[in-house]
Protein chains: 2
Amino acid sequence: MAEPSTHGESLLFLTDENLRKGIEAMFFAYRGFTADPDRILADMDYGRAHHRAVHFINRSPGTTVGNLLTILGVTKQSLNRVLRTLFDDGLVEARVGKQDKRERHLYLTEKGHTLERALSDAQRARMRAAYRAAGPSAVQGFRTVLEAMMDAEQRRQYQGLKEGST
Amino acid sequence: MAEPSTHGESLLFLTDENLRKGIEAMFFAYRGFTADPDRILADMDYGRAHHRAVHFINRSPGTTVGNLLTILGVTKQSLNRVLRTLFDDGLVEARVGKQDKRERHLYLTEKGHTLERALSDAQRARMRAAYRAAGPSAVQGFRTVLEAMMDAEQRRQYQGLKEGST
DNA sequence: AAGATACGTCAGCCTTGTTGACATTCCAAG
DNA sequence: CTTGGAATGTCAACAAGGCTGACGTATCTT
């Protein structure tokens, strides 16, 4: 309904109908986005929470527990439960900080890297297929819209992570 | 790192680094995507599961329980728990099917519509802001990539929902 | 009359989020 | 040296929302 008649200008992409389609696209696409890692994780008694932890430790080796808390946006109790199983299973190791010995710097072990690679290979494969099918300019638009959709706080982290590794 | 020198052709958008950025963009953007409705829902003892149910009942009034199960991809026990609270609170009503009396056709009540509007207004507002900031061609690309990221099954449903309303 | 389908429901389990409380360890300021 | 605050770990309890399995009932189809 509404379907405003074409009045020269093109704000047609902002109709409620179009926005609703975007919303559902996010919903369904996110399911696809997590489906492959989820399958791998299910076979090993891990969940998405483990995936997220492993991902961000891999991408910022030596990050502290506090950093991880901020990025993941969960409580320390929740994160700690996950980290403990990763320690116990020998996927992640924590080294006491040199400068500040209260901090724990987190690193993937060899075993941890293996899992990380399995998970991100699966996820990247889907991403790559989607990117290839859509083409470079669509990918550009995809990233632009997603970035605009983030909270300012999240965008800061997303962009901050872009360059500074350690 | 890597930063392959521009060699005429442009498959540069398929580098692992680019894919990883896309993956994180999905992660952070999805958080933003759900943040506003989540806040509303938290104030009324509902969760995302209720949101999803209300959304799809609104968009396909008269849909059956079975349809909803397929779209949401959860078990009937899980869905039922949510639907029951929506019935009890008078947000959704179920009418016995005319042709097939085994089926329950689901409709939002006035109260249900009110909640639905509050939720989708919040979500659309963010979406609209992101769309506006990114511009029409970016939006086009955004949708193209998301569609390519879905499972075939999910894409079928997403597209099927596009036209046929009832 | 018999089997299949649509739905509801009871019971129990898991993951992952939450709060609150408390201990430890360490840095830094006084 | 002491003390406050920061970073971390941990215990306990709880809730949402997934899951499986089993069973019941109404209804449709054959």
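Here is how names work: the chains are called A, B, and so on, in the same order as the sequence lines, proteins then strands, and each is numbered from 1.
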*Grab the CG-P distance between Leu79(B) and dA16(D) for me, whole Å please.*
17 Å
*Side chain Arg20(B), main chain Arg124(A), donor-acceptor under 3.5 Å*: no
*asked:* In the structure I gave you, are the side-chain heavy atoms of Tyr46(B) and Asp89(B) within less than 4.5 Å of one another anywhere?
replied: yes
*Go through dC19(D), dT18(C), dG8(C) for me and flag the one nearest to the Asn80(B) side chain.*
dG8(C)
_Expressed as a whole number of angstroms, how long is the span from Asp45(B):CG to dC14(D):P?_
17 Å
*Indicate, yes or no, whether a donor-acceptor pair under 3.5 Å links the base of dT8(D) to the side chain of Arg104(A).*
no
*Can you find an N or O donor on one side and an acceptor on the other, under 3.5 Å apart, linking the side chain of Gln77(A) with the base of dG20(C)?*
yes
*CZ of Phe33(B) to CZ of Phe27(A): how many Å apart, nearest 0.5 Å?*
8.5 Å
Show me the donor-acceptor pairs, under 3.5 Å and distance only, between side chains in residues 91-98 of chain B and residues at least two apart or in other chains.
{"residue": "Glu93(B)", "atom": "OE2", "partner": "Arg95(B)", "partner atom": "NE", "Å": "3.2"}
{"residue": "Glu93(B)", "atom": "OE2", "partner": "Arg95(B)", "partner atom": "NH2", "Å": "3.1"}

*Give a yes or no on whether Val65(A) and Phe56(A) share a hydrophobic cluster (residues Ile, Leu, Val, Met, Phe, Trp, Tyr; joining criterion: side-chain heavy atoms under 4.5 Å apart).*
yes
*His105(B) NE2 to dA6(C) C1': how many Å, rounded?*
11 Å
*Arg52(B) side-chain N/O to dG18(D) phosphate OP1/OP2 under 4.0 Å*: yes
*Separation of atom CZ in Phe87(B) from atom C1' in dC7(C), rounded to whole Å*: 10 Å
*Please give, in whole Å, the distance from dT9(C) P to Arg81(B) CZ?*
13 Å
*Taking atom CG of Leu72(B) and atom OG of Ser78(B), what is their separation to the nearest 0.5 Å?*
9.5 Å
*Would you mind reading off the distance between Met44(B) atom CE and dA15(D) atom P, rounded to a whole angstrom?*
19 Å
*For Tyr46(A) and dT16(C), what is the distance between atoms OH and P respectively, to the nearest whole Å?*
11 Å
*Which of residues 90-101 of chain A sit near DNA chain C, with a heavy atom under 4.0 Å from it?*
Gln99(A), Asp100(A), Lys101(A)
*Residue His50(B), side-chain atoms from C-beta onward, closest of dT10(D), dG17(C), dG17(D)*: dG17(D)
_On the side chain of Arg102(A), is there an atom forming a donor-acceptor pair with the base of dA6(D) - under 3.5 Å, no angle test?_
yes
*Has the side chain of Arg84(A) got a donor or acceptor atom sitting under 3.5 Å from an opposite partner on the base of dG9(D)?*
no
*With side-chain hydrogen bond (donor to acceptor under 3.5 Å, both in side chains) as the test, would you mind laying out the steps for Tyr131(A) and Asn18(B) before giving the verdict?*
CA-CA 10 Å; Tyr131(A) 272 27; Asn18(B) 253 326; over 6 Å; no
*asked:* Heavy-atom nearest nucleotide on DNA chain C for Leu69(B) versus Gly47(A): which residue maps closer to 5'?
replied: Leu69(B)
*Would you say Thr75(B) reaches dG18(D)'s phosphate, i.e. side-chain N/O to OP1/OP2 under 4.0 Å?*
no
*Which residue, Lys76(A) or Arg48(A), contacts DNA chain C at a nucleotide closer to its 5' end, judged by nearest heavy atom?*
Arg48(A)
